[in-house]
Amino acid sequence: MTEIVIWLMAFALILFFSLKKWETAVSAGLNKVIPRVIKSGDENRWIWSVALAVLGATTLVRPVDILLTSIILGLIGLLVWKLVPWAMGRASFH
């Protein structure tokens with residue numbers, strides 16, 4: 001029960017501050033990190049703020065789970081990165 005309360009408090013605080021500082025800090029920071037196709041605008045403000053709040057609260061409460069998930073996603077991405085050129089070379093397009 002304590003873990004849920006801590007997660008909810010962290011979620012609420014991160015959401016509040018990301019919405020409050022959207023124009024000055026959060027939007028500019030997201031625009032530097034994410035691709036141009038999904039750049040943040042005012043219409044995406046709530047979506048990005050909620051996503052950041054969920055990730056931030058989960059990272060505070062369960063950092064090992066986030067770390068292991070990131071490692072697994074990185075390994076899957078590396079595997080795909082290496083296998084796609086190999087598969088394209090082996091495929092015959094005629």
Side-chain angles (χ1 to χ4, degrees):
M1 182 70 174
T2 305
E3 185 176 307
I4 294 170
V5 171
I6 293 171
W7 190 92
L8 287 173
M9 287 176 21
F11 175 81
L13 287 172
I14 292 170
L15 182 65
F16 173 74
F17 286 117
S18 68
L19 287 172
K20 184 176 178 182
K21 298 289 185 179
W22 180 260
E23 293 298 326
T24 57
V26 179
S27 180
L30 278 176
N31 285 337
K32 291 178 184 174
V33 175
I34 61 176
R36 184 173 38 101
V37 175
I38 54 174
K39 289 254 186 208
S40 60
D42 284 340
E43 66 276 356
N44 296 331
R45 163 186 203 160
W46 279 93
I47 296 169
W48 281 108
S49 295
V50 168
L52 289 173
V54 167
L55 284 173
T58 305
T59 303
L60 287 173
V61 173
R62 294 188 152 290
V64 174
D65 292 348
I66 295 292
L67 178 65
L68 291 176
T69 302
S70 300
I71 290 171
I72 289 171
L73 288 174
L75 289 174
I76 290 171
L78 181 64
L79 183 68
V80 168
W81 185 267
K82 295 294 183 179
L83 284 178
V84 166
W86 175 80
M88 295 296 288
R90 303 261 323 184
S92 62
F93 299 105
H94 49 235

Closest heavy-atom contact between [X] and [Y]?
X: Ala53; Y: Ile14; result: CA-CG2, 3.5 Å
X: Val61; Y: Glu3; result: CG1-CG, 3.2 Å
X: Ile66; Y: Thr59; result: CG1-OG1, 3.8 Å

To the nearest 0.5 angstrom, please state how far the [atom1] atom of [X] sits from the [atom2] atom of [Y].
X: Leu52; Y: Trp22; atom1: CG; atom2: CH2; answer: 7.0 Å
X: Met1; Y: Ile6; atom1: CE; atom2: CD1; answer: 11.5 Å
X: Ile76; Y: Ile71; atom1: CD1; atom2: CD1; answer: 12.0 Å
X: Thr69; Y: Leu73; atom1: OG1; atom2: CG; answer: 6.5 Å

Can [Y] be reached from [X] by stepping across I, L, V, M, F, W or Y side chains whose heavy atoms are under 4.5 Å apart?
X: Ile4; Y: Val54; value: yes
X: Leu8; Y: Val50; value: yes
X: Phe11; Y: Leu19; value: yes

Leu60 side chain near Trp7 side chain, heavy-atom distance below 4.5 Å: no
Val26 and Trp48: side chain to side chain contact (heavy atoms under 4.5 Å, CB included), yes or no, with the steps? CA-CA 9 Å; Val26 179; Trp48 281 108; over 6 Å; no
